[in-house]
Amino acid sequence: MNMYLLGSRMYVKCSRCYVALCLKEAQRCQSSAAPLEQADFLKGAPHRKHPGVTNLKTVRLPEQLQGAAQSVLKSAEVKSLTERAHKLSSFLWSRKRAIESSQLREKAILLEKKFLEQERDIHTDAIDHKLEARISKRVLSELRRTTYHRTPLRYDEDLGLVYMAARLAGGYAAVLRALNEIKKRDPLFVPYSLLDFGSGLGTCTWASHTLWGDSLKEYVCVDSSGDMNTLAEQLLRGSEVDNPVIKQVYFRQFLPVSPTVQFDLVIAAFSLSELTTLDERLNVIFTLWRKTNSYLVLVENGTKDGHQILMEARDIILKREEEVKHDLRRPSMFAPCTHELPCPKLIKQPVVPCNFTQFYYSLPLTRHQERQQEKFSYLIISRSAEEKAQKSEHWDMTRLIAQVHRRPRHVQCQLCCANGELKQLAVTARRHGKDMYRCARSSDWGDLLPMFHAEDDTNNDEMQ
């Protein structure tokens with residue numbers, strides 16, 4: 001085989017080798033063209049800061065908020081504060097929804113049928129006149145034994161202080177992470193007014209002020225507990241009694257009556273789960289949605305119940321028409337879902353909650369400040385005047401719903417896709433392009449990742 005140079009290119013006399021070299025060069029050109037197309041997604045940003053990255057580094061409480069909380073707790077001198085705070089955190093995490101009356105009736109009917117069959121097997125011929133009373137007693141006994149009994153909480157001043165020690169930092173971190181996604185993906189959004197339902201200690205007000213303090217001019221905090229509202233005001237004022245850190249904050253115990261009053265940003269964090277029945281939750285959800293001008297943000301514990309409460313809200317807002325037609329803009333899913341189809345995590349058995357994590361530094365009750373992890377679920381729904389074509393013609397957005405595992409030459413990702421399906425994918429530079437591979441290596445649980453249409457038929461990447 002003879003080789004010769006012509007200009008800067010090398011040619012081969014052997015026809016087979018010449019064809020092989022040409023094919024190799026063509027493939028190299030083709031592989032370099034695909035990443036250029038994919039790089040449009042980056043919008044000039046480096047891979048480690050691609051537009052889908054919405055996670056935050058370890059969150060710290062604002063200095064004024066942390067100082068005010070420490071001052072309030074120190075002056076209150078709550079006994080066994082650390083131990084009680086730990087117990088309250090565990091209690092709130094393990095708390096479940098109260099069983100609905102309809103579910104209780106269905107359960108009672110099934111138990112009655114079961115016990116009746118057992119009695120008939122034992123007493124085949126004899127007529128037992130006390131059978132009905134005996135079965136009713138067994139049914140009631142079984143219902144008491146197996147039914148979850150929800151303990152209501154009354155947030156007075158004492159419990160409010162324990163809640164401050166237990167949940168102030170974690171609640172702030174979860175809300176800030178959810179709101180940061182709006183800040184990152186919709187930089188043109190400049191809210192003027194905020195409604196915080198179930199405001200508690202005012203963590204949503206502080207988180208919103210951290211991100212949009214220059215534009216927000218009205219904060220309306222609604223909480224049924226007057227003691228919690230008082231504690232929230234103390235945190236806002238700190239040592240400056242007449243000069244609060246955040247101004248124009250108004251506290252109420254009931255939602256505004258007027259159905260036409262709307263707020264740019266409406267938040268309900270860890271408050272829907274405090275409502276006892278489904279009807280109560282749905283009424284509040286409809287009210288909050290009617291009062292939403294731009295974004296409705298819901299945050300709950302990252303448990304099965306927390307996730308299912310959010311999916312109730314999602315489905316009812318997307319599927320049901322509003323009773324009052326004062327705002328005809330349709331609801332649109334913003335986060336974390338990348339579609340408006342049924343949640344695949346609720347369909348798949350066993351049911352696993354869709355949750356996310358955020359690291360934060362706890363409120364320093366002692367000399368040491370611990371780095372902890374908050375696990376939460378969230379939902380953001382926006383109002384859109386028309387269908388927003390946020391999807392590019394080259395890719396769809398997918399959500400990373402589990403920890404990303406970075407391996408040599410590939411990244412293992414679990415994704416919730418735009419077609420409403422869960423997918424496990426091993427992202428490689430060879431099969432998915434250098435840009436997507438580097439974006440995947442720079443992403444983490446909760447971030448968005450582009451799924452390029454050219455890779456849709458690459459089914460052999462999926463891991464069983």
Review point. With a 4.5 Å heavy-atom cut-off, do Leu161 and Leu159 have their side chains touching?
Key: no

Got a sec: does the CZ of Arg407 have more than 12 other heavy atoms crowding it under 6.0 Å? yes

(Q) Whether Arg281 and Glu274 form a salt bridge (side-chain N of Lys/Arg under 4.0 Å from carboxylate O of Asp/Glu) is what I want to check. (A) no

Checklist line | Residues, nucleotides or ligands: over 12 heavy atoms within 6.0 Å of Lys375 NZ | finding: no

Checklist entry - So do the side chains of Trp212 and Phe189 get within less than 4.5 Å of each other, counting heavy atoms only? => result yes

(request) Assess Arg60 against Tyr360: is NZ or CZ under 6.0 Å from the centre of the six-membered ring, and within 45 degrees of the ring's axis? (result) no

*asked:* Just by distance, no angles: are the side chains of Glu300 and Ser377 close enough, under 3.5 Å, to form a donor-acceptor pair?
replied: no

Query raised in the report: Is the gap between the ring centers of Phe356 and Tyr378 under 6.0 Å?
Result: yes

query = Judged by modelled atom types alone, do Asn55 and Asp444 share a side-chain donor-acceptor pair under 3.5 Å?
reply = no

Kindly indicate whether the side chain of His307, heavy atoms from C-beta on, has any atom under 4.5 Å from the side chain of Lys345. yes

Non-hydrogen side-chain atoms of Asp158 and Asp227 separated by less than 4.5 Å = no

Can you confirm whether Glu157 is buried at CD, in the sense that more than 12 heavy atoms of other residues, nucleotides or ligands lie under 6.0 Å from that atom? no

Does the pair Val53 and Ser442 meet the rule for a side chain to side chain contact (heavy atoms under 4.5 Å, CB included), with working shown?
CA-CA 8 Å; Val53 174; Ser442 302; 5.5 Å; no

### Message
Would you say that more than 12 heavy atoms from the other residues, nucleotides or ligands in this model lie under 6.0 Å from the CD of Glu233, or not?
### Response
yes

### Message
If you define the side chain from C-beta out and look only at heavy atoms, does anything of Leu236 sit under 4.5 Å from Leu65?
### Response
no

Between Leu363 and Leu73, is a side chain to side chain contact (heavy atoms under 4.5 Å, CB included) present by the stated rule, with each step listed? CA-CA 11 Å; Leu363 187 65; Leu73 291 173; 3.7 Å; yes

Lys87 NZ: over 12 foreign heavy atoms closer than 6.0 Å = no

Thr210 and Tyr172: side-chain donor and acceptor closer than 3.5 Å? yes

**Request:** Would you please test Thr303 and Arg95 for side-chain hydrogen bond (donor to acceptor under 3.5 Å, both in side chains) and show each step?
**Result:** CA-CA 9 Å; Thr303 59; Arg95 207 174 185 207; over 6 Å; no

- Query: Is there a side chain to side chain contact (heavy atoms under 4.5 Å, CB included) between Thr58 and Tyr361 once you walk through the steps?
  - Reply: CA-CA 7 Å; Thr58 306; Tyr361 286 110; 3.4 Å; yes

- Task: Return yes if a side-chain donor-acceptor contact under 3.5 Å exists between Thr203 and Arg167, otherwise no.
- Result: no

Under 3.5 Å, is there a donor on one side chain and an acceptor on the other for Asn229 and Asp223? no

Q) Looking at Phe334, is Arg185 sitting on its ring face, NZ or CZ under 6.0 Å from the six-membered ring centre and within 45 degrees of the normal? A) yes

Exercise. Hey, mind stepping through Thr205 and Ile246 against side chain to side chain contact (heavy atoms under 4.5 Å, CB included) and telling me if it holds?
Worked result: CA-CA 8 Å; Thr205 293; Ile246 306 174; 3.9 Å; yes

> Under 6.0 Å from the six-membered ring centre of Tyr295 and within 45° of its axis: does the NZ or CZ of Arg383 meet both?
Replying inline: no

Only residue of Arg314, Lys319, Arg330 satisfying salt bridge (Lys or Arg N to Asp or Glu O under 4.0 Å) with Glu340 is Arg330

**Prompt:** Given Glu181 and Arg399, is the salt bridge (charged side-chain N to carboxylate O under 4.0 Å, His left out) satisfied, shown in steps?
**Reply:** CA-CA 12 Å; Glu181 182 146 356; Arg399 178 76 61 176; 2.6 Å; yes

